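Here is the naming used below: chain letters follow the sequence lines, and residue numbers restart at 1 for every chain. Every value quoted in this text rests on a predicted model; they were computed, and no experiment measured them. Values below: all heavy atoms of this structure, side chains included; hydrogens, waters and symmetry mates excluded.
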There are 2 protein chains.
Amino acid sequence: MSTVSRVLNGAAAQRVSDETRARILEAAKALDYRPNALARGLRAQRHFSLGIVVPQLDNPVFSSAILGAEAAASALGYSLIISHREPGRAADGEYSRLTSTHRVDGLLVASLDEDRGLIGALEATGVPFVLMNRRIDAAPAVALDSEAAARIGTDHLLDLGHRRIAHLAGRPEGFNGQARLAGYRNALEARGLPFDPSLVEPAGYTVDGGYQGTTALLAKAAPRPTAILAATVVSAAGGLVALHEAGIAVPGQMSMVAIHDAPIAAMVYPPLTTVRTPTEEMGGQAVRLLDRLIGGELATSPALLAPTGLVLRRSTAEPSSSPRA
Amino acid sequence: MSTVSRVLNGAAAQRVSDETRARILEAAKALDYRPNALARGLRAQRHFSLGIVVPQLDNPVFSSAILGAEAAASALGYSLIISHREPGRAADGEYSRLTSTHRVDGLLVASLDEDRGLIGALEATGVPFVLMNRRIDAAPAVALDSEAAARIGTDHLLDLGHRRIAHLAGRPEGFNGQARLAGYRNALEARGLPFDPSLVEPAGYTVDGGYQGTTALLAKAAPRPTAILAATVVSAAGGLVALHEAGIAVPGQMSMVAIHDAPIAAMVYPPLTTVRTPTEEMGGQAVRLLDRLIGGELATSPALLAPTGLVLRRSTAEPSSSPRA
DNA sequence: ACCAGTTGCACAAACGTTTGTTCAGGTGTG
DNA sequence: CACACCTGAACAAACGTTTGTGCAACTGGT
């Protein structure tokens with residue numbers, strides 16, 4: 001029995017004759033033997049399950065990340081326990097259910113509370129973790145290069161000739177929101193254009209936020225901008241609705257470019273030009289990093305994941321009449 | 001120690017003095033004691049985890065169902081292990097990983113292989129299961145009343161005065177596809193209108209399918225229909241794109257109504273009139289039914305979940321010129 | 001031919017619970 | 001007052017693995 005265990009897990013071919021090994025493997029196959037993960041976990045403190053906690057299950061960015069994580073987890077033999085964390089709720093209970101009672105081997109977290117407190121709570125659990133889609137201090141994380149994404153989007157608008165570009169921003173207190181705002185600003189300043197705070201409106205990552213934010217932008221920014229960089233495709237969709245209602249033609253009177261090339265980008269009208277980001281890859285890398293951490297490696301976080309291109313659809317065009325700069 | 005166990009699980013207040021019980025509960029709280037689910041599962045053959053297998057993680061209908069399932073699972077103390085099952089792949093390996101090695105207490109399945117074989121494979125695992133979003137024979141299931149949903153959508157178009165209504169259908173071999181087609185047909189026939197197969201085009205549940213299907217419909221159906229009932233909001237979004245490209249105004253020249261009131265319904269242009277379906281509720285009910293099954297009850301499946309209303313947006317209107325009936 | 005060293009396997013403890021059973025002490029009955 | 005009965009708690013086995021250790025049977029050197 002112990003020999004069987006050694007053969008099946010056999011890291012270093014530990015002192016088992018080839019013949020015995022072969023017999024065991026054959027028998028295991030014949031009986032379709034599956035080790036009981038519970039028993040194994042109880043004894044070995046390891047049972048191949050990962051917890052993943054996300055703030056919005058229905059946000060396409062997270063759907064995609066989960067998809068990538070699930071694929072990688074499955075490939076490495078892990079099961080994925082999903083936990084939907086309501087934006088406002090206290091985190092502690094959530095983590096302890098996963099770590100104390102369910103004893104996951106590791107935690108993938110995309111919480112919205114992006115502060116030191118999160119890191120403290122996670123470290124208190126004692127299990128390895130990796131942050132997904134955000135970065136806090138030096139904690140292990142896999143995130144997107146949001147600054148670059150915003151820069152690419154803004155550059156596209158600048159290349160088309162736009163000079164008055166607004167930014168439908170993310171959460172000003174979040175990692176991605178800040179990075180995107182910085183990318184927007186950097187792209188502008190690289191061409192010697194001023195950064196105008198009145199052209200920035202935080203809108204979060206929901207349809208409704210995008211709608212409200214765009215409405216606010218139209219009300220306060222005068223003269224009206226000729227283009228908008230949206231922090232995410234979801235808020236862009238909301239923004240599009242607001243523009244339609246205001247009777248502003250896209251891209252005739254207003255161009256719009258959004259970050260994240262989710263399926264909905266092709267579903268709205270007009271189809272949105274977007275900056276493609278490797279969200280699925282992010283999920284996969286997060287799982288692989290976590291696996292290394294669990295294995296005891298002091299894995300270093302990879303660099304930020306770079307955007308993978310601009311997807312031209314039909315929401316951007318040259319500014320209509322007044323080439324004002 | 002045994003007494004502690006009895007107190008903490010204590011189904012029927014088994015022979016434990018009130019004083020002892022109080023002391024135990026107090027100590028448990030003071031120590032923040034969390035039973036180890038692995039050990040419990042090993043001994044008691046029950047460890048409060050459920051497997052959920054879905055075909056498309058990024059389909060809003062499933063996102064929503066998962067959301068509902070997660071909430072209910074969490075409320076009942078279960079963890080949810082998610083498994084993304086590629087539409088084409090063989091199922092067996094998937095289920096055995098969940099049941100044999102991970103030993104989930106039950107399975108929630110929304111597979112796309114809706115045949116007897118599925119039931120056989122599931123029964124072979126020996127763990128309780130419930131079908132989600134589909135029904136096969138008498139197997140425990142929680143599904144939507146797709147026939148009613150299609151009827152409501154079609155009735156709305158009929159009420160507006162449309163007489164030539166096409167159906168962008170689902171999968172003809174699937175439970176929902178068939179039920180929606182039946183609802184469409186029944187609504188038509190209830191008003192004495194003929195059912196015309198040339199007005200029906202299968203389009204599946206993807207954006208691209210909706211685009212292709214709508215294009216096919218426009219090519220083959222003459223005279224052109226004045227309205228379309230889409231089997232799902234996702235294919236409707238694709239259909240809208242095809243209509244825009246064909247230069248057909250919505251709702252001016254073509255009305256469109258879709259089943260499922262997902263967030264994207266409000267994001268496309270024009271915002272889609274939809275039939276609201278309780279998808280989140282479906283996930284929750286599925287979990288609660290599964291819980292009862294696990295508890296040994298021979299729970300009967302509830303009736304199909306009825307649609308919860310028509311959501312009027314701006315994709316439907318009276319037919320423009322020719323009130324032809 | 002003896003002994004040390006090595007090899008290959010089996011033994012048994014341990015992981016943290018649940019649950020059937022035993023057992024001491026108290027209670028009621030004849 | 002003795003006996004049977006009940007109550008409440010402790011004992012111990014079991015769940016299916018992993019892993020440290022023991023122990024034969026070989027191997028090779030002297």
- Task: Go through the side-chain N and O atoms of A:Y78 and A:D291 and say whether any donor and acceptor fall under 3.5 Å apart.
- Result: yes
- Please check if any side-chain donor atom of A:T279 sits under 3.5 Å from a side-chain acceptor atom of A:S64, or the reverse. yes
Please give, in whole Å, the distance from [N] [atom2] to [X] [atom1]?
X: B:H47; N: D:dC15; atom1: NE2; atom2: P; value: 18 Å
X: B:N36; N: D:dT17; atom1: CG; atom2: P; value: 17 Å
X: A:D18; N: C:dT7; atom1: CG; atom2: P; value: 13 Å
X: A:R46; N: D:dT19; atom1: CZ; atom2: P; value: 11 Å
X: B:R40; N: D:dG16; atom1: CZ; atom2: P; value: 18 Å
X: B:L42; N: C:dT19; atom1: CG; atom2: C1'; value: 14 Å
X: A:R21; N: C:dG8; atom1: CZ; atom2: C1'; value: 12 Å

- Message: How about CZ on A:R116, more than 12 heavy atoms from neighbouring residues, nucleotides or ligands closer than 6.0 Å, or not?
- Response: no
- Contacts of B:Q45 and B:S2 projected onto DNA chain D by closest heavy atom; the upstream (5') one is B:S2
- Using only side-chain N and O atoms of B:N9, determine if any of them is under 4.0 Å from OP1 or OP2 of C:dT18. yes
- Query: Nearest of C:dC15, D:dC15, C:dT18 to any side-chain atom of B:S5?
  - Reply: C:dT18
- Note on the structure: Picking from D:dA10, D:dT18, C:dT17, the nucleotide nearest the side-chain atoms of A:M1 would be D:dT18
- Query: Does A:R6 get its side chain close enough to the base of D:dG20, under 3.5 Å, for a donor-acceptor pair?
  - Reply: yes
- Message: Taking atom types as they are modelled, would you say the side chain of B:R43 forms a donor-acceptor pair with the base of C:dT18 within the 3.5 Å cutoff?
- Response: yes
- Mind running side chain to side chain contact (heavy atoms under 4.5 Å, CB included) on A:R135 and A:L304 for me, showing each step along the way? CA-CA 9 Å; A:R135 186 170 267 190; A:L304 293 172; 3.7 Å; yes
